[in-house]
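Each remark here refers to the structure printed beneath this line.
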Amino acid sequence: MSEPDHVARIQAEWARERPDVDVSPQGVIGRLHRLASRLTDELCVVYRRHGLTEGEFDVLAALRRAGAPFERAPGELARFTMVTTGAMTKRLDRLVEAGLVTRRPATDDGRGRVVALTDAGRGLVDRAFTEHMRNERRLLDALTPDEAAALEALLTTWLSRVEPAG
């Protein structure tokens with residue numbers, strides 16, 4: 001019989017100390033939390049190799065996915081990357097300074113702004129994304145194709161029940 005993992009040890013301690021509380025949710029939530037942390041660490045290695053933070057990669061990727069001319073409004077970028085507009089402003093400042101994006105007034109609304117990828121930004125995000133996908137494949141290869149498909153289906157269902165549509 002294999003040794004209990006970190007989460008199982010915590011569950012056993014809580015079950016001993018608080019037998020009146022159902023600790024079974026920790027089996028799923030605790031493992032997902034630990035896995036998410038490990039995956040984030042592994043993903044950030046690739047971003048750093050390209051001189052980016054996770055947030056900067058997210059901004060560049062959101063612009064790249066927009067298709068030509070690779071532009072979005074700052075508010076739209078904030079929604080796509082799930083950060084506040086203040087945090088987005090800081091990210092954009094760093095990316096403008098690095099020459100990876102530009103800001104300009106919106107043509108249809110003089111008060112609005114548009115953020116666009118520069119050629120350097122597009123080249124960088126394309127290189128980083130290619131390596132990022134290889135890295136995600138490496139991480140997912142710890143599962144069989146059937147396990148990965150089953151996990152994706154379960155996570156899709158669960159997420160659809162806890163995350164607002166949109």
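None of these values were measured; they are calculated from a predicted model. Residues take their numbers from the sequence shown, with the count starting at 1.
There is no path of hydrophobic side-chain contacts, each under 4.5 Å, that joins Leu35 to Leu143. With hydrophobic clusters built from ILVMFWY side chains whose heavy atoms lie under 4.5 angstrom apart, Leu95 does not share a cluster with Val114. Hydrophobic clustering (side-chain heavy atoms under 4.5 Å, transitive across Ile, Leu, Val, Met, Phe, Trp, Tyr) keeps Leu154 apart from Ile29. One hydrophobic cluster, built from ILVMFWY side chains closer than 4.5 Å, cannot hold both Leu32 and Trp14; they sit in different ones. Note: the hydrophobic cluster containing Val59 also contains Val96 (ILVMFWY, side chain heavy atoms under 4.5 Å, direct or indirect links).
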Could you walk me through whether Arg91 and Leu77 pass the side chain to side chain contact (heavy atoms under 4.5 Å, CB included) check? CA-CA 11 Å; Arg91 287 180 186 174; Leu77 285 171; over 6 Å; no
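Two residues are said to be in side-chain contact when any heavy atoms from C-beta on lie closer than 4.5 Å; Glu147 and Leu151 fail this criterion. With contacts defined as side-chain heavy-atom distances shorter than 4.5 Å, the pair Arg137/Met133 does not qualify. Between Leu52 and Val125, every side-chain heavy-atom pair lies at or beyond the 4.5 Å cut-off. Residues Phe70 and Arg122 form a side-chain contact, since some pair of their non-hydrogen atoms from C-beta on lies under 4.5 Å apart.
At least one donor-acceptor pair under 3.5 Å links the side chain of Thr130 to the backbone N or O of Asp126. Side chain of Arg138 to backbone of Arg134: no donor-acceptor contact under 3.5 angstrom is found.
In terms of heavy atoms, Gly30 sits closest to Val7 at C-CG2, 3.8 Å. Residues Ala120 and Gly99 come closest through the heavy atom pair CB-O, 4.0 Å. When every heavy atom of Val23 is checked against every heavy atom of Gln11, the shortest pair comes out as O-NE2, 3.1 Å. The shortest non-hydrogen separation linking Thr157 to Ser160 is O-OG, 2.7 Å.
If you take CG on Leu124 and CZ on Arg64, they are separated by 12.0 Å, rounding to the nearest 0.5 Å. Separating the CZ atom in Arg161 from the OG1 atom in Thr156 is a distance of 11.5 Å, to the nearest 0.5 Å. From Arg48, atom CZ reaches atom CG of Leu43 across 10.5 Å, with rounding to the nearest 0.5 Å. Within the model, atoms CD of Glu97 and CG of Leu92 stand 12.5 Å from one another, a figure rounded to the nearest 0.5 Å. Taking CE of Met88 as the start and OG1 of Thr85 as the end, the distance is 9.0 Å to the nearest 0.5 Å. Atoms OG1 and CD, on Thr102 and Glu71 in that order, are 7.5 Å from each other to the nearest 0.5 Å.
Ion pair Asp5/Arg34 not flagged as a salt bridge, since none of the NZ, NE, NH1 or NH2 atoms sits closer than 4.0 Å to an Asp/Glu carboxylate oxygen.
Relative to the six-membered ring of Phe80, Arg72 meets both conditions, a distance below 6.0 Å and an angle of at most 45° to the axis.
Using modelled atom types, one finds a donor on one side chain and an acceptor on the other under 3.5 Å when comparing Ser24 with Asp22.
Around atom CZ of Arg38, no more than 12 heavy atoms belonging to other residues, nucleotides or ligands sit under 6.0 Å away. Surrounding CG of Asp41 are more than 12 heavy atoms belonging to other residues, nucleotides or ligands, all under 6.0 Å away.
Ring geometry, Phe57 versus His132: the interplanar angle falls from 30° to 60°, so the pair is classed tilted.
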